[in-house]
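Down below is the structure, laid out as C-alpha cells.
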Amino acid sequence: MDITSLKAWEMKEKIIKKEISCKEVIQAHIKKIEEEDSEINAFISLNKEEALRKSEKIDEKIKKGEGIGLLSGLPIGIKDNIASKDLKTTCGSKMLDKYISPFNATVVEKIINNDGIIIGKTNMDEFALGDSTETSYFGPTKNPINKNVVPGGSSGGSAAAVAANMVALSLGTDTGGSVRQPASFCGIVGIKPSYGMISRYGVIPMADTLDHVGVFGRDVRDATLILDSLKGYDKKDSTSSKMSNSEAFSIVFEEDKGRNYLDGMKVAIPREYIDLVPADKKVQEQFDKAIKVFEKSGAKIEIVSIPHLKYAAEVYYIIMSCEVSSNMARYDGIAFGHRAEEYETLDELYINSRTEAFGKEAKTRILAGTYALTGSKNAELYQKAMKVRRLLKEDYDKVFASHDVVLSLSSKELPFELNSIKKTSIESYKLNMYSAPANLAGLCAMSIPIGEVDGLPVGMEITGDRFKDRTIIKAGIGYERAVL
Amino acid sequence: MTYKTIIGLEIHVELSTKHKIFCNCPNEFGAEANTLVCPTCLGLPGSMPILNKEVLEYAIKAGIAFNGKISNLIKMDRKHYFYSDLPKGYQVSQAEVPFCDGGYLEIELESETKKINLERIHIEEDTGKQIHSEEEETLLDFNRSGVPLIEIVTKPEMNSAEEAKLFLDKLRATLKYIEVSNVKMEEGSLRCDVNINVVDSETGKKSIIAEIKNLNSFRAVVKAIEFEEKRHIDLLEADKNTEKETRRWDEAKGETILMRKKAGASDYRFVVEGAIPPVRISDEWIEEIKTTLPELPQDKKTRFMDSFGLSSYDAGVLTQSKDLSEFFEETLKYIDDSKLVSNWIMGDVLRRLNDDEIEIQESKLSPKALADLLLLVRDDKINNNTGKKVLKEIFDTGNSPEKIVKEKGLIQISDEGELKKIVEEVLNNNEQSIIDFKNGKDRALGFLVGQVMKASRGKANPQLVNKMLLEMMEER
Amino acid sequence: MISKDQVLHIANIAKLRITDEELEPFMEKFDQIIEFVDRIREVDTEDVEPLYQVNEDNELLEYNETNQMISRQEALQNTQEQKYGYFKILKVVE
C-alpha cells in the first residue's frame with residue numbers, strides 16, 4: 001500500500017487506530033518529495049527533520065492514549081506567503097528570499113495545535129500575483145498530472161503537492177481564484193471559505209479586502225477536515241468574523257452517511273458566463289454533464305442573471321491592483337526585504353531595491369494600482385469600483401435569497417502549457433469573471449473535479465452565500481456521492 | 001496700505017493611551033530604541049492592525065471637548081508616501097470621513113471673545129523617529145511608530161500671532177483638562193504646523209499660502225508667524241508672489257527656510273485600510289464617554305462667574321488650567337472669600353509661577369497654606385504687604401504661614417497702646433509734615449503713615465496708624 | 001493613450017524604474033489595462049455607497065490586549081544594517 005495515495009481522512013483513521021504510525025506517514029511523504037519534487041518544484045523550503053521529530057511525538061501521544069488534535073499527525077504543506085517562524089517566508093519573491101518571520105501566522109499556530117505536521121512551504125506566484133505559479137522567483141511548479149502544463153496559481157505549489165501525494169493536505173490563499181483555479185487544474189478539491197472564516201493574521205496580504213486563506217484536499221471530506229481545524233474568529237484579525245465560530249463542518253459526514261444532499265437543492269446557473277465568456281466547448285460539456293448529475297439527484301436547476309457579473313473582472317482588477325500597490329509599499333529595503341547594493345540617496349535606495357527585487361507582474365500591478373489611485377482616477381476608478389462591487393454583492397444577495405448554491409466552471413480553460421505566451425489581451429483579464437466574484441462578495445466557494453478533457457482535469461465551482469459554507473460542503477459531498 | 005494676516009493651524013497631538021493605536025505595545029516616551037515594538041508597528045509582512053478602543057475613547061473625548069460632531073462611522077484609510085520613518089510605506093489615517101467634523105474653541109481677546117472654528121479632527125498613527133548621527137548615517141527607532149495621534153485642523157480664522165498663541169494655549173489647556181495627552185511640545189506630544197498668508201485689505205490681493213513646519217515651541221510659532229507676516233507683505237509689495245511652498249522654522253537663524261515647492265508634489269493615493277473594517281459606533285457610547293469628561297474650561301468659567309461673582313477675565317484665567325482652577329476651589333474650602341482668593345491668585349501667585357516658569361502643582365504653595373495666609377490678612381493679623389512677603393517665603397521654603405509669621409515676628413500691631421509711642425516719635429521728628437498736612441497737603445499723611453510702618457518694621461496695622469495719626473495731629 | 005511622461009510619473013510615485021527598453025511594451029500593456037478597466041464607467045452608480053468590506057456593520061471594537069511584542073533582536077533580524085539597536089541607513093537629508 002502506498003500510504004501517500006490515501007485520502008487524508010483515511011490516513012487519519014489509520015494513524016489513530018495505530019494501523020500505521022505517524023512516523024511512517026511522514027517518512028513516506030518525505031520519500032515522495034525526494035523522488036518527485038526536483039521535477040515538480042512544489043516546495044520552496046522543507047522541514048524534514050523537524051517533521052520527523054514531531055511525528056515521533058505524535059506517535060508517543062497516541063501510544064499513551066492522550067487526546068490527539070484534529071489533524072493527528074497529517075503531513076501538511078503551507079503556501080509561502082504564510083508567516084512561519086521556523087522556515088523562511090519568501091512570497092515566491094526575491095524581495096523576501098531570506099526573510100524569517102519573527103512570528104507565526106494564526107493558521108500555522110492552529111495547525112501545530114491540532115497536531116498537524118508542517119512538511120514545508122510551497123511555491124507560488126510572486127506575492128500571489130499570477131495564475132500559473134510561473135512568476136515565482138524560485139522557478140515554476142509543474143502540474144503532476146501532466147508535467148508540460150502549469151498547476152495553476154497562485155497557490156500552484158500547494159495544489160501540486162497534494163495532487164502529487166507529497167502532502168495530505170495544504171493551505172493556499174485565494175484573492176481572485178488562487179485556490180480554486182489550481183485545484184481545478186490539478187484535479188483536487190479546493191475550498192475558499194467565506195470572508196472572515198479563517199484568520200488572515202500572518203498571511204502576507206495581497207489585497208486585504210479580497211484575500212482569503214483556502215485549503216486543498218483530495219476530496220471534499222479532506223478539505224473540510226483542514227477547514228475545520230483552521231476556522232474561527234481571531235482577535236488578531238479584525239476582518240475575521242465571530243460567525244466563523246460555528247459547529248465543525250465535518251459533522252455533515254457524521255450525521256447520516258450516504259444521504260443525498262442534492263435532493264431538493266436549489267441551484268442557480270448565471271447566464272452571464274455563457275453569454276459573455278463562453279468556455280472551450282469540451283470544457284463546457286463537462287460542466288453540462290455535472291449539472292445533469294445535480295438534476296438527476298433531485299436538484300432544481302434555474303438559469304439566473306447576475307447583471308453586474310459583466311463588470312466583475314474589471315472591478316476585481318481595479319480593487320485588486322489598488323490594494324496590491326498599497327501592500328507592496330512596505331517593501332522599501334529598510335526594515336526587511338531586499339536592499340540594493342548600490343544607491344546614493346534614500347530615493348535611490350527605494351527605487352533600486354524595488355526595481356531589482358520585484359518581478360514583472362508585480363511591477364505591472366503596482367503601477368496599474370498607482371495609476372488608479374492617483375489624482376482624479378481615485379474617484380473615477382477606485383471609488384467607482386467599490387460602488388460596482390456593492391451592486392455585484394447585492395446581485396448575489398438576491399440570488400441567494402432563493403437559491404442554495406451557484407454553479408459555474410472553476411476556469412473556462414484547461415491547464416495551459418508552461419511558458420506558453422500568455423495572451424495579454426483584454427480577454428485574458430476577463431478570465432477573472434469566473435472566480436473573482438466570490439472574493440468581491442466574500443462568498444464561500446469550492447472547486448471540485450468533474451471530469452477530464454484530453455487527460456486534463458476540469459473543475460466545477462460551487463458558490464454559496466456568506467457563512468453558508470456548510471451548504472457548499474453538502475453540495476460537494478452530494479456530488480461526490482452521486483458520481484461514485 | 002493695510003494687510004490682514006490669515007492663519008490656519010494643523011496640530012498633531014499624541015494621545016496618552018496605555019497602548020499604541022493598532023497593537024498593544026506600550027505607549028511610552030524615552031525607552032531604549034526598538035524595544036517597544038511588535039510586527040504590527042514595525043509593519044512586518046503579515047502583521048495586522050487592530051484599532052484600539054481606548055484610542056477612540058480618548059479621541060472622542062477631545063472631539064466632544066472641542067465641540068465637534070462625532071461620526072457614527074469610524075473608517076480608516078491608508079495615506080501613501082515613502083519615507084524612512086514610515087515602515088509600511090503608508091500611514092494609517094482618516095481621509096474623507098474623520099471621526100470628528102467641525103468644532104470650535106473660544107479665545108479671549110481684550111475686547112471680545114473670538115470663536116475659532118475647526119475644520120475637522122481625525123485619528124492616525126505616529127511614525128518612527130530618525131536620528132542623524134555624525135558618521136553620515138541615519139538611525140531609525142520605531143518605538144514611536146503606532147503611537148496614537150489626533151490631527152486638529154482649524155479653519156483659517158486667526159489673524160495674528162497673538163491669536164494663534166491664545167488658541168494654542170486654550171487647546172493645550174483643554175487637552176490637559178480632559179487628560180488625553182501630555183501636550184509637551186518638547187517631547188513632541190504636541191506638534192503644530194502653521195498655514196499663513198496675508199491679504200491686502202484695499203485691493204483684496206493675497207499672498208500665496210505657505211506652510212511652516214518644525215515649530216518646537218509656542219514661542220517659535222509666534223516668531224515664525226511674525227517673520228512670515230513680514231515676508232508675505234514684502235512679497236506682495238514687490239509683487240513677487242511665489243508658488244505654494246513648505247518652509248521650516250530655523251530657530252537659530254530666527255527665520256523660515258524653504259523646504260519644497262508644494263505644487264504637484266504629494267499625491268497620497270488614499271486606499272481603504274482593508275485590515276480594519278469600518279466600525280459603527282453608537283450614540284449611546286458617545287454619550288457614555290461624554291459623562292466621563294470632567295467639567296470643561298468653558299463650563300467651569302461660566303460657573304465661576306455665576307457662583308463666585310468673578311469677572312469674565314478672572315474666571316477665564318482661573319480656568320485656563322485644570323490644576324489652577326482646582327487649586328482655587330480647594331482654597332475656598334478653607335476660606336470663604338472668593339474675591340480675595342481670586343485677587344491673590346491672579347496677582348502675586350500667578351506672577352511668581354510665571355517668573356519660575358512652573359505650574360501651580362509644581363510649586364510649594366498648597367491651597368491650605370494660601371487660605372491660612374489670607375485668613376491672617378483678612379483678620380488683620382498681618383497687613384497686605386507682609387502677606388506678600390509671607391507668600392514669597394512660602395514659595396521659597398514651603399513653610400506654613402503661621403510658622404513664618406511667628407518666627408519672623410510679623411504679627412500686625414493693632415494695639416493702640418503699643419503703637420502710641422511710635423506714632424508720637426514719628427510726629428516729633430516730622431514737624432514740617434504736620435504743618436504741611438494742616439495746610440491741606442494730604443500727601444503728608446501718607447508720608448507719616450509710611451514712617452510709622454517703617455519704624456514698626458512693617459508690622460503696624462496701617463488703618464489703625466492712619467486713624468491714630470489724624471487723632472494725634474488734631475491734638476497738637 | 002497613456003503618455004511616456006505619465007508612465008514615468010507613476011513609476012516615480014511607486015518608486016520603480018522603467019528602463020527605456022521596457023517603456024514601449026509597458027505602455028502598450030498599460031493602454032490595454034486602461035481600456036479594460038475604463039469600462040466600469042458605464043455602470044450607473046448614482047446613490048450607491050462604496051463597499052469597503054463585505055462584512056459590514058461591524059460593531060467589533062476592543063481594547064488591545066494581545067501582546068505581540070518582539071525582542072529588539074527579532075525586530076532587527078531581517079534588516080541589512082543595524083547599529084546600537086537601531087536600523088541603519090544612509091544619511092537622510094531633510
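Here is how names work: the chains are called A, B, and so on, in the same order as the sequence lines, proteins then strands, and each is numbered from 1.
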What part of Ala329(A) lies closer than 4.5 angstrom to a heavy atom of chain C: side chain, backbone, both or neither?
neither
CD1 of Ile319(A) to CD1 of Ile40(C), rounded to nearest 0.5 Å, is 8.0 Å
For Gly337(A), is there any backbone N or O sitting under 3.5 Å from a side-chain donor or acceptor partner on Asn78(C)?
no
Is there a donor-acceptor pair closer than 3.5 Å between any side-chain N or O of Glu314(A) and the backbone N or O of Asp38(C)?
no
Do Tyr311(A) and Glu42(C) pair up side chain to side chain, a donor and an acceptor below 3.5 Å, judged on atom types alone?
yes
Check: Tyr201(A)/Gln68(C) side-chain N/O donor and acceptor closer than 3.5 Å
yes
Rounded distance (nearest 0.5 Å) linking atom CG of Leu51(C) with atom NZ of Lys393(A)
5.5 Å
Distance-minimising heavy-atom pair for Leu367(A) and Ala14(C):
CD2-CB, 4.2 Å
With a 4.5 angstrom heavy-atom cut-off, could you sort out which part of Leu349(A) is near chain C: side chain, backbone, both or neither?
side chain
Side chain of Lys384(A), backbone of Pro50(C): donor and acceptor closer than 3.5 Å?
no
Is Glu49(C) salt-bridged to Lys387(A), going by a charged N under 4.0 Å from an acidic O?
no
For Pro102(A) versus Ile70(C), what's the shortest heavy-atom pair and its separation?
CG-CD1, 4.0 Å
Among His338(A), Met328(A), Lys363(A), Lys98(A), who wins on heavy-atom pairs under 4.5 Å with chain C?
Lys363(A)
Is it true that Glu22(C) and Lys360(A) make a salt bridge, defined as a side-chain N closer than 4.0 Å to a carboxylate O?
no
Checking Arg339(A) against chain C: side chain, backbone, both or neither under 4.5 Å from a heavy atom?
both
Please round to the nearest 0.5 Å and tell me the distance separating atom OG of Ser238(A) and atom CD of Gln53(C).
9.5 Å
Rounded distance (nearest 0.5 Å) linking atom OG of Ser353(A) with atom CD of Gln80(C)
8.0 Å
Do the side chains of Arg41(C) and Glu380(A) get close enough for a salt bridge, i.e. N-O under 4.0 angstrom?
yes
Assess whether a salt bridge exists between Glu348(A) and Lys15(C), defined as any Lys/Arg side-chain N lying under 4.0 Å from an Asp/Glu carboxylate O.
no
Do you know the tightest heavy-atom contact between Leu90(C) and Glu344(A)?
CD1-O, 3.3 Å
Side chain to side chain contact (heavy atoms under 4.5 Å, CB included) between Ile33(C) and Tyr317(A), worked out
CA-CA 9 Å; Ile33(C) 294 172; Tyr317(A) 196 86; 3.5 Å; yes
Would you say the side-chain atoms of Thr355(A) pair up with the backbone N or O of Arg17(C), donor to acceptor, closer than 3.5 Å?
yes
